[in-house]
Protein chains: 2
Amino acid sequence: MHSFTEENYLKTIYYLASRQTGEVSTNALAEMTATKAASVSDMLRKLADKQLIHYKKYQGVRLTEEGERVALQIIRRHRLWEVFLVEKLGFGWDAVHDIAEELEHIRSEELVTRLDTYLGCPQFDPHGDPIPTSAGQMPQTGYQKLSEINTGQRVQLMGVLEHSTEFLQHLDHLDLTLSCSVTVAESNAFDKSLLVQLESGRTVFVSHEVAKNLLVGESQ
Amino acid sequence: MHSFTEENYLKTIYYLASRQTGEVSTNALAEMTATKAASVSDMLRKLADKQLIHYKKYQGVRLTEEGERVALQIIRRHRLWEVFLVEKLGFGWDAVHDIAEELEHIRSEELVTRLDTYLGCPQFDPHGDPIPTSAGQMPQTGYQKLSEINTGQRVQLMGVLEHSTEFLQHLDHLDLTLSCSVTVAESNAFDKSLLVQLESGRTVFVSHEVAKNLLVGESQ
DNA sequence: ATAAAAATTTAGACTAGTCTAAATTTTTAG
DNA sequence: CTAAAAATTTAGACTAGTCTAAATTTTTAT
C-alpha cells in the first residue's frame with residue numbers, strides 16, 4: 001500500500017495536471033501541498049522509484065497509468081465521503097472538504113463499495129465534481145465557466161472550481177446554489193463582472209473572480 | 001491535538017486498566033500495540049511529559065483525568081463508527097474492528113456529534129460494548145461472564161470480551177447472537193465447558209475459553 | 001548570446017516513532 | 001537474604017517526511 005503522504009502527492013499531481021497542459025512543476029506542488037520545493041523533490045524521486053510518476057530532473061512530472069489509478073481511487077473516496085457528509089449527516093457543502101481529506105485515506109475496498117451503494121451510486125459530489133467510477137474512469141462533463149457565457153444566455157449552475165469555505169459561503173450568500181438556473185443580464189467590459197438574474201427574478205452581482213470559478217451547463 | 005500514535009497508546013492503556021487493578025505494565029502495552037518494550041518506554045515518557053499519564057519509572061502507568069478524557073473520546077468514536085458500519089453499511093460484526101480502528105482518529109468534533117445523532121444516539125456498539133457519552137462518561141453495565149452462570153439459569157447474551165474476527169465468526173457459527181436468550185443446561189466439572197440451550201430448543205457446546213468471553217445479563 | 005533571475009535539486013539536519021543491544025531495576029525462587 | 005530471572009529503561013541507530021542553505025540547471029531579458 002501507499003502512505004498517506006504518497007496518496008496526497010498523487011492526488012495533487014492529478015489535480016494540477018487536470019488544469020493545465022504538460023508536466024506539473026515542483027514549485028506548483030510545493031505550493032499546493034504547503035511544503036517546500038526541496039521536500040517535493042525528495043518525494044518525487046521516491047514516487048518515480050515506485051513507478052507512480054514519470055519524472056526527469058528539472059522537467060516536472062506526469063502520472064504513470066498506475067499513479068493515475070491510485071489518484072482516481074483517492075478522489076473517488078474523497079467525493080463519496082463528501083456526499084455522505086452532506087446528504088446523510090447534514091453538513092453544509094462549505095464544511096466537508098477538510099473532513100473528507102482525512103476520510104479519503106481509510107484503507108478498505110469493501111468500505112468504498114458499500115458506501116457507494118449506500119449513497120445510491122452518486123455521479124457527482126456536493127460541489128458538482130464528477131465521482132470517478134470504481135473501474136477508475138473520470139466521467140467527463142462538458143461544462144463551461146460562467147465567465148465565458150454571453151449576455152442574455154440562460155444556464156444552469158453545475159459545479160465550482162474553488163472549494164474553499166469562504167468561496168462557498170459567498171455563493172450561499174448570493175443564493176447561488178448548485179443546479180439553479182441563472183441568466184446573464186449584463187456584462188461589464190471594464191472588470192468583466194456580471195449581473196445575473198436568478199429564477200426568483202432577483203439579480204446579483206458576480207465578480208469575474210467568482211464567475212471564473214463557476215461551472216455551468218445548458219439550462220434544464 | 002494528539003498524534004494518531006498517542007491516541008492509540010491512551011486507548012490501549014484505558015483498555016488494559018479496565019481489565020485489571022493497579023498500574024498497566026510496559027510489557028502488556030508492548031504486546032497489545034505490537035511494538036517492543038523499548039518503544040513503549042519512550043512513548044510513556046512523552047505521554048507523562050504531556051500530563052496524559054501518571055508514570056514512575058519501572059512502576060507502570062495509569063491515565064490522568066485528561067488522559068482518560070482523550071481515551072474515552074477515541075473509544076466513543078470507535079464504537080459509533082462500528083454502529084455505522086454494521087447498521088448503515090451492512091457489514092458483519094466480525095468485519096468492522098479494523099476499519100473503525102482507522103475511522104476513530106478522524107479529527108472533527110462536529111463529525112462525531114452529527115454521526116451520533118444520525119445513528120439515533122446508540123447506547124451500545126454491535127458487540128454490546130457501551131458507548132461513552134459525549135460528556136466523557138463510560139456507562140456501567142452489570143453484566144457477568146457466561147462462565148460464571150449456574151446450571152439451570154436463563155440469561156441473555158449482552159456482549160463479548162474478545163473482538164477478533166475468528167471469535168465472532170465462531171459465535172455466528174454457534175447461532176449465538178447478541179440479545180439471544182440461553183439457558184445453561186449442563187456444566188462439565190473437568191474442563192468447565194458448558195452445554196447451553198438456545199431459544200430454538202437446540203443445544204450447543206460452549207468451551208470455557210468461549211464462555212469466559214461472553215457477557216450475559218438477566219434474561220428478558 | 002549571455003548574465004541575471006527563477007526553478008530545482010542536493011546536502012545535511014531535525015522530529016516522531018520504531019528497533020536492537022546493553023544496562024539497570026525489580027521480582028522471585030531457593 | 002541473595003542470586004538469578006524477568007521487566008524495564010537507556011543508548012544508539014534507522015525510516016519517512018520535513019526543513020534550510022547551498023549548488024545546479026533552466027529560463028528570461030537584454
Side-chain angles (χ1 to χ4, degrees), chain A residues 1-13 16-17 19-63 67 70-71 74 101-102 104-107, chain B residues 1-13 16-17 19-63 67 70-71 74 101-102 104-107:
Chain A
M1 272 315 101
H2 307 104
S3 75
F4 189 102
T5 311
E6 284 171 349
E7 289 184 351
N8 278 336
Y9 271 92
L10 294 174
K11 184 183 64 167
T12 307
I13 294 167
L16 290 172
R19 0 205 103 192
Q20 62 174 67
T21 56
E23 333 298 301
V24 173
S25 77
T26 301
N27 262 2
L29 279 165
E31 194 184 340
M32 272 292 285
T33 55
T35 61
K36 297 304 163 83
S39 312
V40 174
S41 274
D42 277 356
M43 183 56 80
L44 293 184
R45 197 178 31 67
K46 281 185 212 170
L47 293 174
D49 286 350
K50 294 192 177 186
Q51 322 251 36
L52 293 164
I53 59 173
H54 294 291
Y55 174 49
K56 278 204 221 111
K57 282 203 287 193
Y58 297 101
Q59 309 299 304
V61 296
R62 171 166 70 76
L63 293 174
V70 176
I74 306 303
E101 204 81 347
E102 295 192 49
E104 72 191 9
H105 299 288
I106 305 291
R107 279 158 221 296
Chain B
M1 273 316 101
H2 308 103
S3 75
F4 190 101
T5 311
E6 284 170 350
E7 289 185 351
N8 278 336
Y9 271 93
L10 294 174
K11 184 184 62 168
T12 307
I13 294 168
L16 290 173
R19 358 204 105 193
Q20 62 173 68
T21 57
E23 333 298 301
V24 173
S25 77
T26 301
N27 263 0
L29 280 165
E31 194 184 342
M32 272 292 284
T33 56
T35 61
K36 298 303 164 83
S39 311
V40 174
S41 273
D42 277 356
M43 183 56 80
L44 294 183
R45 198 179 29 69
K46 282 185 210 168
L47 293 173
D49 287 350
K50 294 191 177 185
Q51 322 252 33
L52 293 164
I53 58 174
H54 294 292
Y55 174 48
K56 277 204 221 108
K57 282 202 288 192
Y58 297 101
Q59 308 299 304
V61 296
R62 173 164 68 77
L63 293 173
V70 175
I74 305 303
E101 205 80 346
E102 296 192 50
E104 72 192 9
H105 300 287
I106 305 290
R107 279 157 221 295

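If you're wondering where the values come from, they're calculated on a predicted model, not measured in any experiment. Labels below follow one simple rule: chain letters A, B, ... track the order of the sequence lines, proteins then strands, and each chain is numbered from 1.
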Task: Identity of whatever pairs with D:dA23 - Watson-Crick or G-U, under 3.5 angstrom - done: C:dT8
TODO: Please report, rounded to the nearest Å, how far the C1' atom of D:dT15 is from the CZ atom of A:F4.
DONE: 18 Å
Open item on the list: Can you see if the side chain of B:T35 gets near the phosphate of C:dG17 - specifically, an N or O under 4.0 Å from OP1 or OP2?
Closed with: no
Open item on the list: Below the 4.0 Å mark, does D:dT20 have OP1 or OP2 next to a side-chain nitrogen or oxygen of A:K36?
Closed with: yes
Open item on the list: Nearest to the side chain of B:S39, heavy atoms from C-beta on, is which of D:dG17, C:dT10, C:dT18?
Closed with: C:dT18
- [ ] Could you tell me the separation between the CD atom of A:E6 and the C1' atom of D:dT15, rounded to a whole number of Å?
- [x] 13 Å
TODO: Mind calculating the distance between CG (A:N27) and P (C:dT8) to the nearest angstrom?
DONE: 4 Å
Task: Nearest-Å distance for atom pair CG/P, residues A:L47 and D:dA16 - done: 13 Å
Open item on the list: Using whole Å, what does the distance between atom P of nucleotide D:dT8 and atom OH of B:Y58 come to?
Closed with: 10 Å
Task: Heavy-atom pair with the smallest gap, counting every atom of A:F4 and A:R107 - done: N-NH2, 3.7 Å
Task: Distance, rounded to the nearest Å, where A:R45 contributes CZ and C:dT10 contributes C1' - done: 10 Å
Open item on the list: Strictly by Watson-Crick or wobble contacts shorter than 3.5 Å, is anything paired with C:dG30, and which nucleotide is it?
Closed with: D:dC1
Open item on the list: Taking B:E31 first and then B:K36, would you say they form a salt bridge - that is, a charged N and a carboxylate O separated by under 4.0 Å?
Closed with: no
Open item on the list: What is the distance, to the nearest angstrom, from the NZ atom on B:K56 to the P atom on D:dT9?
Closed with: 13 Å
Open item on the list: Tell me the interatomic distance from B:E31, atom CD, to D:dA7, atom C1', rounded to whole angstroms.
Closed with: 14 Å
